[in-house]
Enquirer: 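Mind having a look at this structure? Questions to follow.
Each residue takes its place number in the sequence, starting with 1. Predicted model, so just to flag it, every value in this text is computed and none were measured. Any value given below was found using the heavy atoms of this structure, including those in side chains, with hydrogens, waters and symmetry copies removed.
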Amino acid sequence: MATLRFAPMTEEQYDRYRQQAEVRYARNIAASGAMPLPEAQEKSRRDHETLLPDGLDSTDHHLWSAYDGDTEVGFLWLHVEPKSDGLHAFVFDIEVRQDVRRRGYGRAILETAEEWCRARDVVSVGLSVFGFNLAARSLYEQLGFETTSLQMRKHL
């Protein structure tokens, strides 16, 4: 695999991403059993508006397209904020194009993000993952992510 590189999303890429991300996030919330789809759709819309009020220009948010050579293979949304012990990053979203999955791009995107963070003295990187996403959970554990909280639900 060629070296992965990040480039800031263009406005066109961001517009496409935002529409798809809101739909995907709502479906995942509903699939997790946290709430029905109509409420999940509203939550998704509200969360994206709150977190990215200025789109690509939202403070401390970094939205990149990931490329293998000239081919766009995925994207990453990373937020960095100062806390009392230094800078902390949080991965709000990572996605690999459907047609190039299972080729190591998810790992490469996260490793590239980690290099970017280390170069800026970020002290930790966090993320959330839906419980049903076993492939992602496995990848994150392989990369050294540890569970910091766990939410459970029982359907009656």
Enquirer: Answer yes when Asp68 and Arg103 have at least one side-chain N-carboxylate O distance shorter than 4.0 Å, and no when they do not.
Expert: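 Looking at Arg103 together with Asp68, the answer is no, because their closest N to O distance does not fall below 4.0 Å.
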Enquirer: Can you see which heavy atom on Gln13 is nearest to which on Pro8, and at what distance?
Expert: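 Here Gln13 and Pro8 meet closest at OE1-O, 4.1 Å.
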Enquirer: For Gln142, look at atom CD and say whether over 12 heavy atoms of other residues, nucleotides or ligands are found less than 6.0 Å away.
Expert: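 More than 12 heavy atoms, drawn from other residues, nucleotides or ligands, come within 6.0 Å of this atom.
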Enquirer: Nearest 0.5 Å, what's the CE-CD distance between Met9 and Glu72?
Expert: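 Atom-to-atom, Met9:CE and Glu72:CD are 7.5 Å apart.
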Enquirer: Looking at every heavy atom in both Arg5 and Gly69, which two are closest together, and how far apart are they?
Expert: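 For Arg5 versus Gly69, the nearest heavy atoms are NH2-O, 3.3 Å.
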Enquirer: Got a sec: does the CZ of Arg118 have more than 12 other heavy atoms crowding it under 6.0 Å?
Expert: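 Incorrect, the count does not exceed 12.
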Enquirer: With heavy-atom distances below 4.5 Å as the criterion, would you say the side chains of Trp116 and Leu76 are in contact?
Expert: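 Sidechains of Leu76 and Trp116: no contact.
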Enquirer: Flag yes if more than 12 heavy atoms outside Arg27 fall under 6.0 Å of its CZ atom; otherwise flag no.
Expert: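 Open: at most 12 neighbouring heavy atoms sit under 6.0 Å from CZ of Arg27.
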Enquirer: Quick one: hydrophobic cluster around Met152, which other residues, with the 4.5 Å side-chain cut-off, linked directly or via members?
Expert: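 So far as hydrophobic clustering goes, Met152 is joined with Leu150.
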Enquirer: Are side-chain heavy atoms of Val100 and Thr71 found at a separation under 4.5 Å?
Expert: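 Not in contact.
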Enquirer: Only one of His62, His61, Glu95 forms a side-chain hydrogen bond (donor to acceptor under 3.5 Å, both in side chains) with Trp77, so which one is it?
Expert: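 The residue from His62, His61, Glu95 that satisfies side-chain hydrogen bond (donor to acceptor under 3.5 Å, both in side chains) with Trp77 turns out to be His61.
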Enquirer: What distance do Lys43 atom NZ and Ile29 atom CD1 have between them, rounded to the nearest 0.5 Å?
Expert: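 Atom-to-atom, Lys43:NZ and Ile29:CD1 are 5.5 Å apart.
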Enquirer: For the side chain of Ser138 and the backbone of Leu134, is there at least one donor-acceptor N/O pair under 3.5 Å apart?
Expert: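 Not a single qualifying donor-acceptor pair exists.
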Enquirer: Please name the pair of heavy atoms, one in Ala26 and one in Leu37, separated by the smallest distance, quoted to 0.1 Å.
Expert: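 Shortest heavy-atom separation between Ala26 and Leu37 comes out as O-CD1, 3.9 Å.
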Enquirer: Taking side chain as C-beta onward, heavy atoms only, is Ile94 less than 4.5 Å from Tyr140?
Expert: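 Yes; the side chains approach each other to less than 4.5 Å.
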Enquirer: I'd like to check Leu143 versus Glu114 (side-chain heavy atoms, cut-off strictly below 4.5 Å). Are they in contact?
Expert: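 They are not in contact (no side-chain heavy atoms under 4.5 Å apart), so the answer is no.
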Enquirer: Can you see which heavy atom on Ala30 is nearest to which on Pro36, and at what distance?
Expert: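 In terms of heavy atoms, the two residues are closest at CB-C, 4.4 Å.
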Enquirer: In terms of hydrophobic clustering (I, L, V, M, F, W, Y; side-chain heavy atoms under 4.5 Å; direct or indirect links), are Trp64 and Leu52 co-clustered?
Expert: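 No; Leu52 is not reachable from Trp64 via cluster members.
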Enquirer: Is it true that Leu63 and Val122 fall in one hydrophobic cluster, defined by side-chain heavy atoms closer than 4.5 Å?
Expert: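 Leu63 and Val122: separate clusters.
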Enquirer: I'd like to know if Glu42 and Arg46 make a salt bridge, using a cut-off of under 4.0 Å between side-chain N and carboxylate O.
Expert: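 Between Arg46 and Glu42 there is a salt bridge, with a charged N closer than 4.0 Å to a carboxylate O.
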Enquirer: Membership question, hydrophobic clusters at under 4.5 Å side-chain separation (ILVMFWY): are Val96 and Phe130 in the same one?
Expert: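 As far as the 4.5 Å side-chain criterion goes, Val96 and Phe130 are not connected within one cluster.
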Enquirer: For the OH atom of Tyr17 and the CZ atom of Phe75, what is their distance to the nearest 0.5 Å?
Expert: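 CZ of Phe75 is found 5.0 Å from OH of Tyr17.
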Enquirer: Would you confirm whether His79, through its side chain, and Phe92, through its main-chain N or O, come within 3.5 Å as a donor-acceptor pair?
Expert: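 Such a contact is absent between His79 side chain and Phe92 backbone.
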Enquirer: Which residues satisfy the ring-ring contact (aromatic ring centres under 6.0 Å, His included) test with Tyr14, sequence neighbours excluded?
Expert: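 For Tyr14, no residue satisfies ring-ring contact (aromatic ring centres under 6.0 Å, His included) once neighbours in sequence are set aside.
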Enquirer: To check you understand the geometry: which heavy-atom pair defines the closest contact between Cys117 and Ala89, and what is its length?
Expert: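 Taking Cys117 first and Ala89 second, the nearest heavy atoms are SG-CB, 3.8 Å.
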Enquirer: Is it true that, when you exclude Arg120 itself, more than 12 heavy atoms of the residues, nucleotides or ligands shown sit nearer than 6.0 Å to its CZ?
Expert: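 Yes, enclosed.
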Enquirer: Could you tell me whether Arg45 and Glu49 have a side-chain N and a carboxylate O separated by less than 4.0 Å?
Expert: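 Salt bridge flag = yes for Glu49 with Arg45.
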Enquirer: Just so I know, are the side chains of Asn133 and Asn28 near enough to count as touching, which here means a heavy-atom distance under 4.5 Å?
Expert: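 The answer is no; the side chains never approach within 4.5 Å.
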Enquirer: Rounded to the nearest 0.5 Å, what's the gap from CZ on Phe90 to CG on Leu51? Could you check?
Expert: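 One gets 9.5 Å once the value is rounded to the nearest 0.5 Å.
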Enquirer: Please report the shortest heavy-atom distance between Leu4 and Ile109, naming the atom on each side.
Expert: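 That closest heavy-atom pairing would be CD2-N, 3.4 Å.
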Enquirer: Classify the ring geometry between His48 and Tyr25 as parallel (under 30°), tilted (30 to 60°) or perpendicular (over 60°).
Expert: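 His48 vs Tyr25 ring planes: perpendicular.
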Enquirer: Supply the atom-to-atom distance Leu56 CG to Thr10 OG1, rounded to the nearest 0.5 angstrom.
Expert: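 Going from CG on Leu56 over to OG1 on Thr10, the span is 7.5 Å.
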Enquirer: Would a distance-only check, ignoring hydrogens and angles, find a side-chain to backbone donor-acceptor pair under 3.5 Å from Arg137 to Val129?
Expert: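 A pair under 3.5 Å: no.
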Enquirer: If I take atom CG from residue Leu139 and atom CZ from residue Phe145, how far apart are they, to the nearest 0.5 angstrom?
Expert: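 Going from CG on Leu139 over to CZ on Phe145, the span is 8.5 Å.
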Enquirer: Looking only at side-chain N and O atoms, does Gln19 offer a donor or acceptor that is under 3.5 Å from a partner on Arg16?
Expert: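 Checked: Arg16/Gln19 side chains show no N/O donor-acceptor pair below 3.5 Å.
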